[in-house]
Amino acid sequence: MRGALTAVFIGFLAQAAMADPLPAPVTDADFPSFPMEQILLGRDLFFDPILSGNRNIACATCHHPTLGTSDGMSLSIGEGGLGLGSRRIASEGNRPHARIPRNAPALFNIGAREFTVMFHDGRVERSESAMFGIRMPEGRTLEKPMPSALAAQAMLPILSADEMSGQAGENDVASAVDAGRIHGSDGAWAILAARIAAIPAYRDRFAAQGVQDLHITDIAQALAAFITTEFRATDSPFDRYLRDGTPLLPAQAAGMALFYGKARCSTCHSGPFQTDHGFHAIGMPQFGPGKNTDSAYARYADLGRGKVTGVPRISTAFARLRCAMSR
Ligand code: HEC
Ligand code: HEC
């Protein structure tokens, strides 16, 4: 009897010694707030294929609310596809050239202030030394200051041939991108901004926000305002438990104990959004068509974080621990 009790006691000690503290509950202060009209503008633009070169795909096609703000596929079918989610197919006549090389992540809570790095490989990142404080991929430097990495990110899918802009020769945006014209008055960003400004409903609503000469950064900021507000997900049973002690179901409580204890999930999934915002090699093999088109010897490789840092270490190879787990 005493032996059994001792074993239980030692087991308890081991568990207690291993457990990480629970995070602080998420509060409104963790998120920036926006005027309602800007959020609604962002919503309409998020669902509007007008932002794609051939006017046939929207942000929502790959980040749809009914599909957990992703697209229900391992690798998205971008510009040239038809339909939504797992029923999306390549259309005849305008077949997509390739699948998008990486999984489309969910956007839950990505607008929280502590998210300062975007994409699986962190190629958009808040940085003191970068132009306007945000490092962008090569050839995509910002033209104006942006309030967040999230807003800066929104200026990139619209330039990607396979995601949204389409192939050279198909439309004015794609041709500008292909010719390397991104910035300035004849660049792809200006062409898209002019398209939106030519629609009175959009132009008037931006004007009512005090935006006269519509710039692509205004459009991206509206998208970020919508994503931040609409895809905030901070009212799960776990959130309520942290906030005011609302009891969890027994299975939930057991899972929480494992997550923050023996299973060691919280060594990486730490903090109020269950992420340390770091990069971890998690043994995930590449299954996409690659992202290394400018290399002759490893054309179909996806070098992940290594391509951004120039450091080909396996430990930085892939997969940023991106965002709060879908709650
Ligand atoms: C064709 C599908 C597709 C479309 C259209 C698309 N995205 Fe994405 N999105 C992706 C994929 C794939 C990634 C991940 C790419 C990577 O990490 O290299 C991504 C990443 C993101 C991220 C970063 C998420 C994170 O955790 O770092 C944000 C934010 C985002 N997209 C917003 C948008 C917005 C805003 C639009 C419209 C302007 C848009 N997306 C259009 C597929 C798409
Ligand atoms: C070594 C660090 C590490 C540990 C430990 C870890 N994870 Fe992860 N986890 C990651 C990374 C990296 C990702 C990939 C995020 C991405 O790019 O989509 C991830 C993704 C996830 C996702 C998908 C999240 C989403 O929003 O799509 C879930 C769920 C998850 N992990 C659960 C767990 C659980 C449960 C444990 C403990 C048994 C655990 N993880 C332990 C690093 C870790």
Side-chain angles (χ1 to χ4, degrees), residues 20 42-43 45-52 56-64 68-71 73-81 84 88 96 98-111 115-125 137 148-165 192 216 219-228 231 233 255-256 258-270 273-284 288 291 302 304-305 307-308 315 317-327:
D20 287 329
R43 177 197 62 189
L45 289 164
F46 191 85
F47 287 89
D48 196 337
I50 190 86
L51 282 176
S52 64
N56 59 359
I57 181 168
C59 306
T61 310
C62 299
H63 300 285
H64 204 277
T69 68
S70 177
D71 61 3
M73 284 189 278
S74 301
L75 299 173
S76 311
I77 298 174
E79 194 282 321
L84 189 66
R88 190 166 169 80
R99 292 254 176 172
I100 308 304
R102 295 175 182 162
N103 177 255
L107 304 181
F108 294 119
N109 292 332
I110 190 125
F115 287 78
T116 58
V117 182
M118 292 288 138
F119 290 122
H120 291 294
D121 57 11
R123 62 188 183 278
V124 170
E125 186 173 9
S148 64
L150 176 63
Q153 186 284 339
M155 301 181 35
L156 296 172
I158 49 181
L159 300 181
S160 157
D162 291 331
E163 281 186 36
M164 293 184 80
S165 71
L192 276 168
I216 196 72
I219 292 166
Q221 286 182 57
L223 289 168
F226 169 70
I227 292 170
T228 301
F231 300 151
M256 182 176 72
L258 277 173
F259 193 96
Y260 288 96
K262 245 187 180 156
R264 311 302 311 256
C265 311
S266 53
T267 48
C268 297
H269 295 286
S270 60
F273 293 100
Q274 278 98 40
T275 170
D276 61 3
H277 298 287
F279 295 88
H280 300 274
I282 52 171
M284 186 169 76
K291 279 185 76 73
D302 186 335
R305 180 67 174 160
K307 183 127 190 252
V308 176
S315 62
F318 206 69
R320 182 165 69 82
L321 176 40
R322 170 184 36 78
C323 86
M325 295 203 244
S326 316
R327 294 174 183 224

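Order of listing sets the numbers, starting from 1, for every ligand and every atom in it. Numbering starts at 1 and runs along the sequence shown.
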Checklist entry - Within a strict 4.5 Å, meaning less than it, do heavy atoms of the Pro137 and Val124 side chains meet? => result yes
Checklist entry - Counting distance only, does the side-chain N/O of His63 pair as donor-acceptor with the main-chain N or O of Thr69 below 3.5 Å? => result yes
Checklist entry - Is any N or O atom of Asp162, backbone or side chain, closer than 3.5 Å to an N or O atom of ligand 1? => result no
Next on the checklist: Taking Gly78's backbone N and O only, do any of them form a donor-acceptor pair with Arg88's side chain (distance below 3.5 Å, no angle check)?
Outcome noted: yes
Checklist entry - Relative to the heavy atoms of Gly78, which atoms of ligand 1 are at a distance of less than 4.0 Å? => result 1 (C)
Next on the checklist: Using 30° and 60° as the class boundaries, would you call the ring planes of Phe226 and Phe46 parallel, tilted or perpendicular?
Outcome noted: tilted
Next on the checklist: Any nitrogen or oxygen of Ala58, side chain or backbone, less than 3.5 Å from one on ligand 1?
Outcome noted: no
Next on the checklist: Which atom name would you report as the N, O or S atom of His63 nearest atom 8 (Fe) of ligand 1?
Outcome noted: NE2
Checklist outcome for this item: Short version for Pro157: what comes under 4.0 Å of ligand 1, heavy atoms counted, is side chain
Item to check | Arg102/Asp302 under salt bridge (charged side-chain N to carboxylate O under 4.0 Å, His left out): CA gap, chis, key distance, verdict | outcome: CA-CA 9 Å; Arg102 295 175 182 162; Asp302 186 335; 2.7 Å; yes
Checklist entry - Who pairs with Ser70 by side-chain hydrogen bond (donor to acceptor under 3.5 Å, both in side chains), at least two apart in sequence or on another chain? => result none
Checklist outcome for this item: Heavy-atom proximity to atom 43 (C) of ligand 1 ranks first, among Ala152, Gly42, Cys62, Ala151, for Cys62
Checklist entry - In ligand 1, which numbered atoms sit nearer than 4.0 Å to a non-hydrogen atom of Met118? => result 27 (O)
Checklist entry - Backbone or side chain, does Cys265 get an N/O/S atom under 2.8 Å to atom 8 (Fe) of ligand 2? => result no
Checklist entry - Under 3.5 Å between some N or O of ligand 1 and some N or O of Arg123? => result yes
Checklist entry - For ligand 1, which atoms, with element, lie under 4.0 Å from some heavy atom of Glu163? => result 1 (C), 3 (C), 4 (C), 6 (C), 7 (N), 43 (C)
Next on the checklist: Under 4.0 Å, counting heavy atoms only: does Asp71 come that close to any atom of ligand 1?
Outcome noted: no
Checklist entry - Does Leu51 reach ligand 1, in the sense of a heavy atom lying below 4.0 Å from it? => result no
Checklist entry - Which atom names give the shortest non-hydrogen contact between Thr267 and Asp20, and what distance separates them? => result N-OD2, 3.9 Å
Checklist entry - Out of curiosity, is Ala60 lining ligand 1, as in a heavy atom under 4.0 Å away? => result no
Checklist entry - Is there at least one pair of N or O atoms, one from Lys291 and one from ligand 1, spaced under 3.5 Å apart? => result no
Checklist entry - Quick one: does Thr61 get within less than 4.0 Å of ligand 1, heavy atoms only? => result no
Next on the checklist: Counting only nitrogen or oxygen atoms and a 3.5 angstrom limit, does His120 reach ligand 1?
Outcome noted: yes
Checklist entry - Quick one: do Asp121 and Lys307 make a salt bridge, cutoff under 4.0 Å? => result no
Checklist entry - Under a 4.0 Å heavy-atom limit, does His269 contact ligand 2 with its side chain, its backbone, both, or neither? => result side chain
Checklist entry - Which residue from Pro96, Cys59, Pro105, Ser70 reaches closest to atom 19 (C) of ligand 1 through any of its heavy atoms? => result Pro105
